[in-house]
Amino acid sequence: MLSRTNFQKELNGKKTDLFTLRNKSGMEVAITNFGGRIVSILVPANDNTTVDVVAGLDSIHHYENETYYLGALIGRYGNRIAKGRFSLNGETYSLAINNGENALHGGSAGFHNQVWDAEQINENTLKLHYLSKDGEEGFPGNLAVTVIYTVNDDDSLEIDYKASTDKTTVLNLTNHTYFNLNGDGSGAILDHLVTINADRFTPSDETQIPIGIETVEGTPLDFRRETKIGERIDAENKQLEIARGYDHNYVLNKKGNELSKAASVTGPKSGITMEVYTTEPGMQFYTGNFLDGKMPGKSGKPVDFRTSLCLETQHFPDSPNHPEFPTTTLNPGEIYKSTTIYKFLS
Ligand code: GLA
């Protein structure tokens with residue numbers, strides 16, 4: 001059981017708290033406005049119990065000290081920007097470097113470490129708002145971001161993102177929840193069965209920056225047919241070596257920016273399946289290769305190597321430096337919109 005008081009703190013003059021959303025069938029999602037982080041998702045299982053399918057921590061204090069981006073809203077730019085540099089309208093911008101020589105997930109003061117304004121609209125819905133000031137972590141423009149979390153009655157969690165800017169900027173918003181469909185604290189996710197609706201992915205260089213787009217055909221990255229994660233994760237393959245496992249952006253099979261099915265994952269021990277739907281063109285499949293057991297998880301077990309996985313819906317990494325990728329530029333007067341749904345079946 002999470003203790004709400006462990007989440008009630010004041011940071012930079014703003015109050016943090018823990019909010020609980022519920023649907024009719026007993027699905028429950030706990031979210032803190034510190035980083036907009038999903039702390040737990042209780043999925044109703046067959047035998048009248050619930051299974052918590054999310055890796056998380058039990059207090060703000062622990063979230064302040066973690067480096068995995070557990071459950072967090074990520075911005076302004078989810079994933080990497082090469083050397084933290086890009087140009088827009090002839091001007092070059094330099095971001096904080098926080099991942100080798102690159103910028104990752106919006107920098108150390110990214111959205112995951114900000115206190116969002118929160119309003120619980122009803123039992124099902126939480127509205128979060130954050131104003132990222134012009135120049136924050138090196139990004140241009142005042143960017144107003146609204147994220148709405150809704151627990152729907154079909155046992156899905158919907159995340160709706162909206163943003164606008166007063167100066168041309170780049171953004172790539174996502175959520176970095178780590179899932180274990182067998183239950184938080186139940187061990188490695190190597191037995192999970194995964195399907196990804198993508199014929200192509202963006203292979204990366206040694207620093208995990210994309211070097212193009214390639215087919216998954218004939219590689220251990222092919223998840224077009226349901227495959228156990230552990231079956232090929234340690235196969236001899238340059239891409240898997242670089243990332244110490246799966247940590248790759250998939251180019252989703254889709255026509256435009258319609259909401260479509262990106263992936264599904266099943267935990268064989270619980271029998272729970274999660275389906276992922278998104279309007280985004282890409283999805284990072286990450287198998288928790290950098291989790292190192294240093295943080296105590298809310299389950300009582302450390303958050304350890306490959307004990308949970310992320311399906312981060314997104315635009316492609318380093319898009320500002322790849323004009324051939326779908327654009328991540330947002331101009332004043334435009335509204336950025338994105339939706340991702342995690343749906344659970346048991
Ligand atoms: C993303 C990245 C990974 C790793 C995690 C956070 O998924 O692609 O390489 O940095 O975030 O630890």
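Start at 1 with the first residue, then count along the sequence.
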inquiry  = Using every non-hydrogen atom in the two residues, find where Gly282 and Asn249 come nearest and quote the distance to one decimal.
reply    = CA-OD1, 3.8 Å
message = Regarding Asp52 and Ser40, do their side chains bring together a donor and an acceptor under 3.5 Å, going by distance alone?
response = no
inquiry  = Could you work out, with side-chain hydrogen bond (donor to acceptor under 3.5 Å, both in side chains) as the rule, every residue matching Asn122, not counting sequence neighbours?
reply    = Thr125
ask   = Side chains of Leu143 and Thr169: does their closest heavy-atom pair fall under 4.5 Å?
value = yes
ask   = Sequence neighbours excluded, which residues qualify as salt bridge (charged side-chain N to carboxylate O under 4.0 Å, His left out) partners of Arg306?
value = Asp234
task = Decide, yes or no, whether a salt bridge links Arg80 with Glu101 under the criterion of side-chain N to carboxylate O below 4.0 Å.
result = no
query = Members other than Leu259 in its cluster, when Ile, Leu, Val, Met, Phe, Trp, Tyr link by side-chain heavy atoms under 4.5 Å?
reply = Tyr277, Ile341
message = Does either side chain, that of Glu280 or that of Gln314, offer a donor lying less than 3.5 Å from an acceptor on the other one?
response = no
query = For Lys14, does the NZ atom have more than 12 heavy-atom neighbours from other residues, nucleotides or ligands under 6.0 Å away?
reply = yes
query = Do the side-chain N and O atoms of Asn79 and Gln284 include a donor-acceptor pair separated by under 3.5 angstrom?
reply = yes
query = In terms of ring plane angle, is the pair Tyr130 and Trp116 parallel, tilted or perpendicular, where the classes change at 30° and 60°?
reply = tilted
query = Is there a side-chain contact between Tyr93 and Pro140, using heavy atoms and a 4.5 Å cut-off?
reply = yes
task = Enter the distance from Leu126:CG to Ile159:CD1 here, rounded to the nearest 0.5 Å.
result = 11.5 Å
query = Parallel, tilted or perpendicular: which fits the ring planes of Phe223 and Tyr250, with parallel below 30° and perpendicular above 60°?
reply = perpendicular
inquiry  = If only side-chain N and O atoms count, and only distance matters, is there a donor-acceptor pair under 3.5 Å linking Asn253 with Asn197?
reply    = yes
key: side chain to side chain contact (heavy atoms under 4.5 Å, CB included), paired with Tyr161, selected from Leu128, Asn175, Leu171   = Asn175
message = Between Glu214 and Arg200 (salt bridge meaning N to carboxylate O under 4.0 Å), is one present in this structure?
response = no
query = What are the two closest non-hydrogen atoms of Gly106 and Glu137, and how far apart are they?
reply = O-CG, 3.4 Å
query = Roughly how far, to the nearest 0.5 Å, is the OG atom of Ser264 from the CG atom of Leu311?
reply = 9.5 Å
Set of ring-ring contact (aromatic ring centres under 6.0 Å, His included) partners for Phe325, sequence neighbours left out = Phe316, His322
task = Walk me through it: do Glu231 and Thr227 pass the test side chain to side chain donor-acceptor pair (under 3.5 Å)?
result = CA-CA 7 Å; Glu231 201 170 302; Thr227 310; 5.7 Å; no
With Glu236 via salt bridge (charged side-chain N to carboxylate O under 4.0 Å, His left out) - residues at least two apart = none
inquiry  = So which atom in Lys301 and which in Gly185 form the shortest heavy-atom distance, rounded to 0.1 Å?
reply    = NZ-O, 3.1 Å
ask   = Taking atom types as modelled and ignoring hydrogens, do the side chains of Asn142 and Asp166 form a donor-acceptor contact shorter than 3.5 angstrom?
value = yes
request  = Would you check, one step at a time, whether the test side chain to side chain donor-acceptor pair (under 3.5 Å) holds for Asp191 with Asn182?
outcome  = CA-CA 9 Å; Asp191 65 351; Asn182 286 332; 3.2 Å; yes
key: Interatomic distance, Thr50 atom OG1 to Leu42 atom CG [nearest 0.5 angstrom]   = 4.5 Å
ask   = Which heavy atom in His248 sits nearest to a heavy atom in Gly245, and how many Å separate them?
value = CE1-O, 3.7 Å
remark   = For Ile335, the other hydrophobic cluster members (4.5 Å side-chain criterion, sorted by chain and number) are none
task = Run through the side-chain heavy atoms of Ile, Leu, Val, Met, Phe, Trp and Tyr, join any pair under 4.5 Å, and report what else lands in Ile121's cluster.
result = none
ask   = Tell me, do Thr329 and Thr168 make a side-chain contact under 4.5 Å, heavy atoms counted?
value = yes
Asp117 side chain to Asn33 side chain, donor-acceptor N/O pair below 3.5 angstrom = no
key: Close side-chain approach of Ser156 and Phe344, heavy atoms under 4.5 Å   = no
inquiry  = Applying salt bridge (charged side-chain N to carboxylate O under 4.0 Å, His left out), can you list everything that pairs with Arg85, at least two apart in sequence or on another chain?
reply    = none
task = Count the heavy atoms belonging to other residues, nucleotides or ligands that lie under 6.0 Å from CG of Asp205, then report whether that count exceeds 12.
result = yes
query = Is a side-chain donor-acceptor pair under 3.5 Å present for Thr278 with Thr340?
reply = yes
inquiry  = List the residues meeting salt bridge (charged side-chain N to carboxylate O under 4.0 Å, His left out) with Arg4, not counting sequence neighbours, and say none if there are none.
reply    = Asp17
query = Quick one: ring-ring contact (aromatic ring centres under 6.0 Å, His included) partners of His112, sequence neighbours excluded?
reply = Tyr69
task = Indicate yes or no: does Arg22 engage Glu28 in a salt bridge with an N to O separation below 4.0 Å.
result = yes
message = Taking Val51 as the starting point, is it possible to reach Val54 by hopping between hydrophobic residues whose side chains are less than 4.5 Å apart?
response = yes
request  = Using a 4.5 Å cut-off on heavy atoms from C-beta on, say whether the side chain of Ile148 contacts that of Thr146.
outcome  = yes
query = Below 4.0 angstrom, N of the basic side chain to O of the carboxylate: do Asp184 and Lys298 qualify?
reply = yes
query = Would Thr279 and Glu258 satisfy side chain to side chain donor-acceptor pair (under 3.5 Å), going step by step from the backbone distance to the final call?
reply = CA-CA 5 Å; Thr279 57; Glu258 76 278 9; over 6 Å; no
key: is_close_aromatic(Tyr149, Phe19), centroid dist under 6.0 Å   = no
message = Can you list everything that forms a side-chain hydrogen bond (donor to acceptor under 3.5 Å, both in side chains) with Thr339? Sequence neighbours excluded, please.
response = Asp160
ask   = Do Lys15 and Lys9 have side chains that get closer than 4.5 Å, going by heavy atoms?
value = no
request  = Among Val194, Ile196, Leu221, Leu309, find the one that has a side chain to side chain contact (heavy atoms under 4.5 Å, CB included) with Tyr246.
outcome  = Leu221
request  = In sequence, state the C-alpha distance, the side-chain angles, and the governing distance for Ser186 and Asn180, and then conclude on side chain to side chain donor-acceptor pair (under 3.5 Å).
outcome  = CA-CA 8 Å; Ser186 70; Asn180 184 321; 3.3 Å; yes
request  = Would you please say whether a donor-acceptor pair under 3.5 Å links the side chains of Gln208 and Asn102?
outcome  = no
ask   = Does Asp153 come within less than 4.0 Å of Lys24, counting only side-chain N to carboxylate O?
value = yes
query = Below 4.0 angstrom, N of the basic side chain to O of the carboxylate: do Lys343 and Glu158 qualify?
reply = no
query = If you link I, L, V, M, F, W and Y whenever their side-chain heavy atoms are under 4.5 Å apart, who else ends up in the same group as Leu11?
reply = Leu2, Phe7, Leu18, Phe34, Val39, Leu57, Ile60, Tyr63, Tyr68, Leu70, Val115, Tyr178, Tyr286, Phe290, Leu291, Met295, Val303
inquiry  = Looking at Asn257, I want to see if its CG is surrounded by more than 12 non-hydrogen atoms of other residues, nucleotides or ligands under 6.0 Å.
reply    = no
key: Polar side chain donor-acceptor pair, Asp155 to Ser25, under 3.5 angstrom   = yes
ask   = Salt-bridged, Glu217 to Arg224, with N to O below 4.0 Å?
value = yes
